[in-house]
**Student:** 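What follows is a single structure, and I will ask about it in a moment.
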Amino acid sequence: MFSSKKLIVLLVLFALLLGSTALAQDDGLKLTGWPYQVDVVTENLGRFTEQSGQDAVFLPFPSNEYHDKMVASFVAGTEFDVAYVRDSYLAEWASAGWIVPITGLDGADELLADLPAGIIEQMSYEGEVYGLPYYSGVQTMAYNAAHLAAAGIEEPPATWDEMLDQAQMIKDAGVVDYPILMQLRSGENYLLREWETLTASRGGKLFDDDLNPLFQEEGSAAWEALDWLTEGLNQGVIDPASLTDDDGTLLMAAGTTSFMTTTDYTLKAMNDPEQSNVAGDIKNALVPGTDEVRSGTWGYVRLYSITSNTPDKDAAWQLVQFLGGRDATGVYYVPKRWALEFGLGFSPAPLYEDEEVRNSIGGWIDPDLLSEQAEYAISRPYRFVPFFSDWEIGSWGPLQAAILGDADKGDVLAELADEWNELREDWDY
Amino acid sequence: MKQHARIRLAVIYIGAAIVLLGTIGPFLWLVSSSFQYERQLLNRPPQWLPNPVVLDSYREIFEGAVLGEDSGVPYQSRIFLRSFGNSFIVAGSVAAIAVLVGSYAAYPLARLDFRGRNVLLFGILASRLIPALSLAIPIVLVAKKIGMSDRLVSLVFINLSFILPYVIWLLQSYFKSIPMELEDAGRIDGCSRLQVVHKIILPLSLPGLTSAGILAFLLTWGEFLFALLLSETPASYTSTVVVSLFATDVDVNFVSIITAGVVSVIPPICFALIFQRFIISGLLSGSLKG
Amino acid sequence: MKAETNNERKEMSQGMLAVLFSAPAVLIIAATILVPFGLAVFLSLHKWNLKRPGRERFIGLENYVDWLTDSDFWEPLQTTFTFAIGAVLLIVAVSLLVALLLNENFPGRGLVRALLLVPWAIPSVVNALLWKWLLNPQYGLINALWFELGIITEYQNMLGSMPSVMIWLVIAYSWIHIPLATLLLLSGLQTIPGDIYESAIVDGAGLWQRFRFITLPMLRPMLSIVIIFEMIFALKVFDIIFVLTAGGPANATNVLGWQIYTETFRKLDFGAGSSIAMLLGAITLGLAILFYVFLDKGTEPQ
């Protein structure tokens, strides 16, 4: 009857196996990040080793949990020398003292001189620069040209009001149920960013450069942006799933959405015949504006930073320079490779002139329109204070309620402004 | 009577069909999707059956595991099946130790009369009352400080400490249902407490022990948070960590994730299939008669 | 109750035995959890924000007082209860039915029992993907299926508003948890001797009467364990919220588990995060004791 006894004994043997799992220790540099094209990163590191004589290894972690994994790793004393950083975490990680500035390091000035001011600002916290860019870009608009054509529309909308009209035509023509997707979900990649796009393209900002909130003023661009969302939702042209959906790229690729604002590189997936049902139909256009303002957007950067725990800061800086700047032969080897082979946005000025790079991304996005879009990027210094995320997290629920009409917009915005001011005082800013 | 038996069986099969439809219906969609092109997942109406049948994601996973870097398949696919070894070691050890250690701890809770019984019962549960998320960083911190991060044995301990409370509660409840007379009979025959446990309680609790083992194995197999937070190198990734690696920030390889998910289900289900034959009724009634 | 046997006196006291028997398990749990748990308690008594290094300080129970006087605690608590009640009821009801069915003897039973565990064996990230695809308002499978069956005439947005979003969260969550509950109930059913049923049938007891007067009372110990476990799980719910709604829309699904996550990992306010976790733990403990006394006391060995 009790033949499971043997099996249990067998299983106990597994426990003994555990003791013998001694894990490899290597002394080289450790780079961590999200697992995009791991083999390419490893190849690049091979080139680094060849040029510098230093070993380096890439140990990636899942993208969705990368932030939380790294928080745990930093608190416990991270073993990584260099880490990928998203600009949305920069203030947090810098204020916690987990990453160190590169300002003043050997050769930093020359590399920074090649970068646009907007990008440097996105990598800065309290006046110091915390790394070099991995990839960067701007929020732009994607639209389904076939949907527009089916509804007899020739040009993508130049203003937000025009977008609602066109969406109504598309809906009436029976092309799709909800032509517009806005990313209004709770989460740092969604609601606030969408609000910023809508506000910037109305010529406004959420906060002025001295960190005073502007959104709570009646008639402000930010206020009007929320009104526009409410109107679109009530009119039935903005997808109600906007409040919970976490991946609009899929809806564009499914061909069930006609308009969305999106990060530039997502157009590649939307136009990839393997991943998209509407490959070739998705075009980029300037983010719409108003009668007075043509467009508006903001930029993003993913960067390489040196962790404060690295035992060999010089070697780590060498690696950051190789990855985000020039290699030993003086060329932007890694950034160019990402742009050329994978279409990732780049920042160093010399690459803008590079004919090879221009030709390569033209397959899935209009590079001229994209660089025009970049000219409308606003700066968002308020994002680079340590309490921004605290405020942002608390804003999601109330903002959604205001957009849905469950709460009074004026009250919600006034309260959010108060909360910001309280945080500011609390943090002595 | 024969007619009656046939109706009974028919009712049971209809019920079982409904249950299976509810539980594995969605899973079958995952299986179907794993044989499709990514864009087909977005079809409206959905592509219920694969057409054509695409084997690429499976080929990548198996070729990658066998050939390693020579296979030319992406990193995630290459290391996926290899991470099964880690998952199996951890889940197997946890299941075995949890049942072994848990049954001794459960016995006094079920049978002995001692002060502090309820304190013990709820004390072991205490760590399970607050979300693992709020213990996560303290645990990672402690593990790092004592040099135990990036080791499978740490994962075994953490999973054990999370699962033992459930196993103990489950088993003490099961032990209670064993008629006292059986144990008394053993005691009168001169058995010590330990012998009572070995000769009477454990053999009669096979269904309960098996459930506890399956519970421990499955919970550990699927554990993600600590597998992620404690690992530093691919050598200690478990399969749940590798499955999550298919989301890369720039893109998500949905078909590969789904395929990895489908393959991940196979070992625990086999484990359950092998051990489930011990969840059988009649152990107690048989012994009562005898 | 106690069998006063000869060897009883020769042996050590029952308390000593209990200590010896439970020592290995208790040691494993304590060795792993004690220090981290202590750390969490320590943090909960401090103002401790990782973004303000050097400004940590002991503040006693201030974090707790702050939470208890804040609607950011009471509203998520209410949402958590709503979710937990729905989930526990659904899980227990369905798994009881399924366990009774699978307790019957029929060819193929073993396979059905094993397949039943599939939802539970799917890695959480894939489960997330699955539910995203099931519930999507555009390419979603449930919408498509219902549409093709004529149940709905246009696609629904299940996660868009209350109460629909809560109902679907409960369903998605329960789908994953029903296998566990069924497995436990199934093993509980094995403790019921078959001859009791036989004599009941001889006495003319019907199906319902057998369930009501034999199965239910004898299953009670395991049933109470299942209810207590599922309650503990459900009060801590986080994963499914994280994936499907992130607490939205408009905080409709903002449960304490989500609140704890945002405080700890997003605001890096470990003091606030730990203290709200302790509060949730205390509430859960209270409920567990209450349930235990209420459900399980009647089943103490006589």
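Below, read A as the first sequence line, B as the second, and so on, with proteins coming before strands; counting in each chain starts at 1. When reading the values below, keep in mind they use all heavy atoms of this one structure, side chains included, and skip hydrogens, waters and symmetry mates.
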**Student:** Quick one: what part of B/Ala136 sits under 4.5 Å from any heavy atom of chain A, side chain, backbone, both or neither?
**Tutor:** neither

**Student:** Do you know which of A/Gly255, A/Ala279, A/Ala269, A/Pro273 has the most heavy-atom pairs under 4.5 Å to chain B?
**Tutor:** A/Pro273

**Student:** In Å, rounded to the nearest 0.5 Å, how long is the span from CG of B/Leu42 to OG of A/Ser276?
**Tutor:** 7.5 Å

**Student:** Highest number of heavy-atom pairs under 4.5 Å with chain B: which of A/Asp39, A/Thr256, A/Leu59?
**Tutor:** A/Asp39

**Student:** Under a 4.0 Å N-O cut-off, is there an ion pair linking A/Glu79 with B/Lys144?
**Tutor:** yes

**Student:** What is the distance from atom CD of A/Glu274 to atom CD of B/Glu38, rounded to the nearest 0.5 Å?
**Tutor:** 8.5 Å

**Student:** Report which part of B/Asn253 has an atom under 4.5 Å of a heavy atom belonging to chain A: side chain, backbone, both, or neither.
**Tutor:** neither

**Student:** How long is the span from the CD atom in A/Gln37 to the CG atom in B/Asp251, to the nearest 0.5 Å?
**Tutor:** 7.0 Å

**Student:** Side chain, backbone, both or neither: which part of B/Gln76 has an atom under 4.5 Å from a heavy atom of chain A?
**Tutor:** side chain

**Student:** If you round to the nearest 0.5 Å, how far is CG of B/Leu141 from OG of A/Ser73?
**Tutor:** 11.5 Å

**Student:** Run the numbers on A/Phe61 and B/Ser231 for side-chain contact (heavy atoms from CB on, under 4.5 Å), then give the verdict.
**Tutor:** CA-CA 9 Å; A/Phe61 293 103; B/Ser231 63; 3.8 Å; yes

**Student:** Among residues 246-253 of chain A, which residues come closer than 4.5 Å to chain B, judged by heavy atom distances?
**Tutor:** A/Asp247, A/Leu250, A/Ala253

**Student:** For B/Phe254, which atoms come within 4.5 Å of any heavy atom of chain A: side chain, backbone, both, or neither?
**Tutor:** side chain

**Student:** Taking atom CZ of A/Arg302 and atom CG of B/Asp249, what is their separation to the nearest 0.5 Å?
**Tutor:** 4.5 Å

**Student:** Quick check on the interface: out of A/Tyr36, A/Tyr84, A/Tyr135, A/Tyr265, who has the most heavy-atom pairs with chain B under 4.5 Å?
**Tutor:** A/Tyr36

**Student:** Answer yes or no: are there more than 12 heavy-atom neighbours, outside B/Phe157 itself, under 6.0 Å from its atom CZ?
**Tutor:** no

**Student:** Looking at every non-hydrogen atom in both residues, tell me the closest pair between B/Ser244 and A/Glu65 and how far apart they are.
**Tutor:** CB-OE1, 4.3 Å

**Student:** Looking at B/Leu245, B/Leu133, B/Thr210, which has the largest count of heavy-atom pairs under 4.5 Å with chain A?
**Tutor:** B/Leu245

**Student:** Is there a side-chain contact (heavy atoms from CB on, under 4.5 Å) between A/Val75 and B/Val140 once you walk through the steps?
**Tutor:** CA-CA 8 Å; A/Val75 172; B/Val140 174; over 6 Å; no

